[in-house]
Undergrad: 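First, the structure itself, so that you have it in front of you.
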Amino acid sequence: MIAEIALPIPVSKTFSYSVPEHLCPIIKKFQRVIVPFRNKHTSGFVIDVEDASNAGLKEISQIIDFYPLIDKNIERLCYWAGNHYVTPMGIVLKYALPKYLKPERYLLSRFNCDCHYRLWESKKDLPFEKVLSLMGIEDVISHLQEKKVVLYDKFTKKAFTEDIVSQTYSKEGKRFLFLGAIQRRIKFYLNLMEDQINKGRNVLMLLPDYNLSGGFFYKILSEKFKKKVFWYGSSVSQNLRMESYFRARNETGNIILGNKSAIFLPIMNLSMIIVERHEEDSFRNESEFRFNAWEVAKKRAEIENIPLILGSVSPKIEIFKGINEGEYALIEDELPLLKNFYQIEINRKRFFSGSIPQEMETIIKDKDKSKKKTIVFTPRKYYSSHIHCINCGYNFICPLCASPLTYKKNEDRLYCQACQKDFDYRNFCPQCRSDLIGFFQFGVEFLEEMLKKAIPDKHIILLTGDSIEESKSLEIKSVHDAEIIIGTNIISKLYGIECDKLIFIGIEDMLSMAGYRAEEKLFQFLYNTLDALNPEAIYFFVDEKKGFNLEHFLYYKEFYIEELEKRRLAEFPPFKNIYLITIEKKTLNAGQRALNTIKQRIEAWGLKEYMKGPLYEKKKRYQWKIMLKDYDERIKDLLFSLYDIQDITIEVNPLHI
DNA sequence: AGCACGCCGACT
DNA sequence: GTCGGCGTGCTC
């Protein structure tokens with residue numbers, strides 16, 4: 001027998017191995033195996049088995065899974081995702097079947113015969129993994145076939161079978177959008193879930209993150225559905241992950257929560273998928289297999305013919321398009337209104353040089369006695385993301401990649417966001433030795449410094465993605481004690497914090513930070529923040545020179561119609577898919593050679609007219625980007641054929657362009 | 001991906 | 001002279 005093995009490497013072909021005699025009876029598609037590759041052993045995935053002579057092939061050395069871990073539906077889902085995101089199957093399966101999935105370790109074996117006493121003394125049911133190694137595969141198979149041994153998992157204690165059994169009942173795979181505020185969404189989700197649980201079905205819910213919205217929903221859901229709520233994903237311990245795995249696969253009446261990888265989880269009686277705040281970029285996996293979990297959720301709901309429910313206050317533009325075209329049914333249509341807001345124009349230059357605008361000081365000082373917090377937003381973390389010498393004009397740039405350096409005041413170090421590396425900071429210009437160093441484009445640390453100077457008696461804390469990472473949740477005392485919170489985009493997820501005043505500083509900068517999705521991202525951030533914080537008054541401090549037009553974001557339908565029209569004219573998503581090819585080489589010559597190869601390849605496929613670029617060149621690292629638009633079905637084949645060129649990545653509908 | 005091989009420029 | 005960085009080819 002010959003097995004086709006997909007290896008988790010960026011190569012768009014599979015490798016054939018011969019199946020050793022003793023493994024022939026148990027080898028199956030989607031088992032993980034260990035194979036010799038080069039001079040090492042690597043794990044891979046069986047994606048096909050055929051009865052053919054195996055002349056001259058290397059042999060599979062070991063089998064990892066006794067049972068294949070995905071069913072027909074997930075198989076279809078993986079093939080769809082591999083094609084859609086132009087990713088080789090080995091890499092797709094690496095994410096769908098992560099290393100930590102080891103069911104055999106958590107399955108217990110109960111013997112109905114006496115023979116196991118030959119193997120051990122204890123009468124306890126042993127882990128299946130142990131039984132496999134003690135008895136050998138052949139003996140285990142015959143015992144299983146003759147029902148002399150039955151398996152159950154240690155969490156649900158229910159019998160384990162190879163196939164994921166699901167009830168059959170009439171299903172309808174419709175798509176819905178619930179457009180409404182957080183409290184209404186919660187109520188809606190709870191009702192839906194209760195109904196499904198009572199019917200003995202499982203619900204999968206995707207959340208944008210584990211620490212903030214994940215924790216918030218976990219708490220609410222577990223209060224209502226005690227011991228029926230499980231998080232599946234890399235944020236929890238191995239044991240909890242495996243518990244969620246078995247609860248989903250082997251038991252009904254559960255709610256499975258997760259962020260990205262959970263979308264590939266086999267689930268028994270799965271009756272609906274809910275995606276909370278599907279528009280969040282955190283659903284996108286940003287390395288290797290660049291999938292977006294909410295898109296995969298949509299496909300999975302389609303494959304399993306079950307409803308997909310999106311809940312949001314700021315859906316993606318493509319959903320708005322989908323509503324107009326009847327692809328989504330709108331359940332509720334009530335957004336938080338932007339009310340009690342004031343736009344104040346300030347001179348940013350003066351602000352940078354250290355004088356806090358009088359209005360800002362007054363607003364922050366004028367605090368009532370309530371426990372409510374004043375929350376201040378700025379889009380940048382750290383102190384300053386643009387440092388230059390005022391004397392000679394030298395810009396502080398990364399010695400490795402030449403992109404602008406950020407100053408971290410708390411650590412007194414320079415930081416390159418692209419390389420994620422730290423560098424020493426000296427208080428003089430490396431070019432002319434002048435000590436006139438100017439900091440521009442300030443972040444949270446700068447604001448903290450200014451506010452502490454102006455209002456020394458208030459308790460101020462900083463909240464950024466980093467600080468949430470460190471503390472793992474908001475259940476830290478300092479957040480509750482704080483009177484003023486200065487934060488970045490994370491403030492749009494601070495559910496349950498009472499806020500009286502919400503102050504935006506530099507929100508207009510977001511328009512130059514997020515590429516073609518900038519306006520959409522700003523809109524979504526704004527409405528999610530209002531939804532989470534429900535502030536009593538809102539202040540926008542914007543630069544008088546930038547001419548920020550808040551009006552544009554006030555009426556959601558008008559906003560979406562206008563934005564959709566721009567996308568249509570530019571032939572961008574959701575109208576056309578974009579494929580971005582990135583080449584990165586260490587030398588100019590090698591870079592140009594690779595670039596030419598790609599260009600020739602595109603030309604040879606007759607698809608040159610759909611090519612745009614190279615878009616830009618990053619100095620020092622020699623990076624180029626080529627954009628292809630999706631006009632021709634052959635584009636996928638062309639893109640897969642580029643996998644034999646080294647140092648390139650292919651991205652479908654990239655977040656940043 | 002990650003490793004072996006070969007090229008070329010640097011330097012005890 | 002030979003050491004190391006970098007590009008290239010290739011993996012059943």
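Worth saying up front: this structure is predicted, and the values here are computed from it rather than measured. Residue numbers start from 1 in every chain, and the chains themselves are labelled A, B, ... in the order their sequence lines are given, proteins ahead of strands.
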Undergrad: Checking Phe572(A) now: which residues fulfil ring pair (Phe, Tyr, Trp, His ring centres under 6.0 Å) with it, not counting sequence neighbours?
TA: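 Here the qualifying residues are Tyr516(A).
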Undergrad: Tabulate atom names and distances for all N/O pairs under 3.5 angstrom spanning the protein and nucleotides 2-6 of chain B.
TA:
| from | atom 1 | to | atom 2 | distance (Å) |
| --- | --- | --- | --- | --- |
| dG2(B) | N2 | Arg38(A) | NH1 | 3.4 |
| dG2(B) | N2 | Arg38(A) | NH2 | 3.1 |
| dC3(B) | OP1 | Lys40(A) | NZ | 3.1 |
| dC3(B) | O2 | Arg38(A) | NH1 | 2.6 |

Undergrad: Roughly how many Å is it from CD in Glu584(A) to P in dC6(C), rounded to a whole number?
TA: 13 Å
Undergrad: Check this one for me: any side-chain N or O of Thr42(A) less than 4.0 Å away from OP1 or OP2 of dA1(B)?
TA: no
Undergrad: Would you be so kind as to tabulate the donor-acceptor pairs closer than 3.5 Å made by side chains of residues 587-604 of chain A, with sequence neighbours excluded?
TA:
| from | atom 1 | to | atom 2 | distance (Å) |
| --- | --- | --- | --- | --- |
| Thr587(A) | OG1 | Ala590(A) | N | 3.3 |
| Asn596(A) | ND2 | Gln592(A) | O | 3.4 |
| Thr597(A) | OG1 | Arg593(A) | O | 2.8 |
| Arg601(A) | NH1 | Ser641(A) | O | 2.8 |
| Arg601(A) | NH2 | Asp644(A) | OD1 | 3.3 |

Undergrad: Would you kindly give the OH-to-C1' distance between Tyr643(A) and dT11(C), to the nearest whole Å?
TA: 17 Å
Undergrad: Could you identify which residues of residues 82-101 of chain A place a heavy atom less than 4.0 Å from some atom of DNA chain C, listed by residue number, or say none?
TA: none
Undergrad: Answer with base, sugar-phosphate or nothing: what part of the nucleic acid does Thr587(A) contact at a heavy-atom distance below 4.0 Å?
TA: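 Sugar-phosphate: the residue Thr587(A), judged by heavy atoms under 4.0 Å, touches backbone atoms but no base.
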Undergrad: For DNA chain C, determine which residues of residues 27-37 of chain A have any heavy atom closer than 4.0 angstrom to one of its atoms, and list them numerically.
TA: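 Those residues are Pro36(A), Phe37(A).
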Undergrad: Would Lys316(A) and Glu279(A) pass as an ion pair if we require N to O under 4.0 Å?
TA: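 Salt bridge absent between Lys316(A) and Glu279(A).
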Undergrad: For Asp153(A), what residues pass the side-chain contact (heavy atoms from CB on, under 4.5 Å) criterion, not counting sequence neighbours?
TA: Leu107(A), Phe155(A), Thr156(A), Phe246(A), Asn250(A)
Undergrad: List, one per line, each side-chain donor-acceptor pair under 3.5 Å for residues 128-138 of chain A, sequence neighbours excluded.
TA:
| from | atom 1 | to | atom 2 | distance (Å) |
| --- | --- | --- | --- | --- |
| Glu129(A) | OE1 | Arg105(A) | NE | 3.2 |
| Glu129(A) | OE2 | Arg105(A) | NE | 3.3 |
| Glu129(A) | OE2 | Arg105(A) | NH2 | 3.3 |
| Ser133(A) | OG | Lys130(A) | O | 2.9 |

Undergrad: Without decimals, in angstroms, what is the distance between Leu595(A) CG and dG7(C) C1'?
TA: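 Going from CG in Leu595(A) over to C1' in dG7(C) covers 16 Å.
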Undergrad: Measure the distance from CG on Asp48(A) to C1' on dC12(C) and round it to the nearest whole Å.
TA: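 Taking atom C1' of dC12(C) as the reference, CG of Asp48(A) is at 15 Å.
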Undergrad: Using a strict threshold of under 4.0 Å (side-chain N to carboxylate O), is an ion pair present between Asp466(A) and Lys408(A)?
TA: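 Asp466(A) and Lys408(A): not salt-bridged.
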Undergrad: By ring pair (Phe, Tyr, Trp, His ring centres under 6.0 Å), which residues pair with Phe428(A), not counting sequence neighbours?
TA: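 Listed in chain order: nothing, the list is empty.
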Undergrad: With Phe291(A), which residues qualify under ring pair (Phe, Tyr, Trp, His ring centres under 6.0 Å), at least two apart?
TA: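 With sequence neighbours excluded, Phe291(A) shows a ring pair (Phe, Tyr, Trp, His ring centres under 6.0 Å) to Phe264(A), Phe289(A), given in chain and number order.
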Undergrad: Just the rounded figure in Å: distance from P of dA1(B) to CD1 of Ile648(A).
TA: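 To the nearest whole Å, that distance equals 11 Å.
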Undergrad: Assess the side chains of Glu411(A) and Tyr382(A): does a donor N or O sit below 3.5 Å from an acceptor N or O?
TA: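 Their side chains do not contain a donor-acceptor pair, so the 3.5 Å distance test is not met.
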Undergrad: Let me know the distance between CG of Asp644(A) and P of dT11(C), rounded to the nearest Å.
TA: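 Answer to the nearest Å: 13 Å.
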Undergrad: At what distance, to the nearest 0.5 angstrom, does CG of Leu405(A) lie from OH of Tyr407(A)?
TA: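 Leu405(A) CG to Tyr407(A) OH: 12.5 Å, rounded to 0.5 Å.
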Undergrad: Using atom types as modelled, flag every donor-acceptor pair under 3.5 Å from a side chain in residues 78-89 of chain A to any protein atom, sequence neighbours excluded.
TA:
| from | atom 1 | to | atom 2 | distance (Å) |
| --- | --- | --- | --- | --- |
| Tyr85(A) | OH | Asn292(A) | N | 3.3 |
| Tyr85(A) | OH | Glu295(A) | OE1 | 2.5 |
| Thr87(A) | OG1 | Tyr85(A) | O | 2.9 |

Undergrad: Output all residues satisfying side-chain contact (heavy atoms from CB on, under 4.5 Å) with Glu609(A), sequence neighbours left out; order by chain, then residue number.
TA: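 Applying side-chain contact (heavy atoms from CB on, under 4.5 Å) to Glu609(A) gives none.
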Undergrad: Between Ile583(A) (CD1) and dG7(C) (P), how many Å, whole number?
TA: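 About 13 Å, once rounded to whole Å.
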Undergrad: Within residues 6-15 of chain A, which residues have any heavy atom lying less than 4.0 Å from an atom of DNA chain C?
TA: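 Going residue by residue through residues 6-15 of chain A, the ones with a heavy atom under 4.0 Å of DNA chain C turn out to be Val11(A), Lys13(A), Phe15(A).
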Undergrad: Is it true that Lys521(A) and Asp281(A) make a salt bridge, defined as a side-chain N closer than 4.0 Å to a carboxylate O?
TA: yes
Undergrad: Indicate yes or no for a side-chain donor-acceptor contact from Lys260(A) to the backbone of Ser282(A) under 3.5 Å, with no hydrogens or angles considered.
TA: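 Answer holds: yes.
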Undergrad: Rounded to the Å, how far apart are Lys585(A) NZ and dC6(C) C1'?
TA: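 Rounded to the whole Å, the gap is 10 Å.
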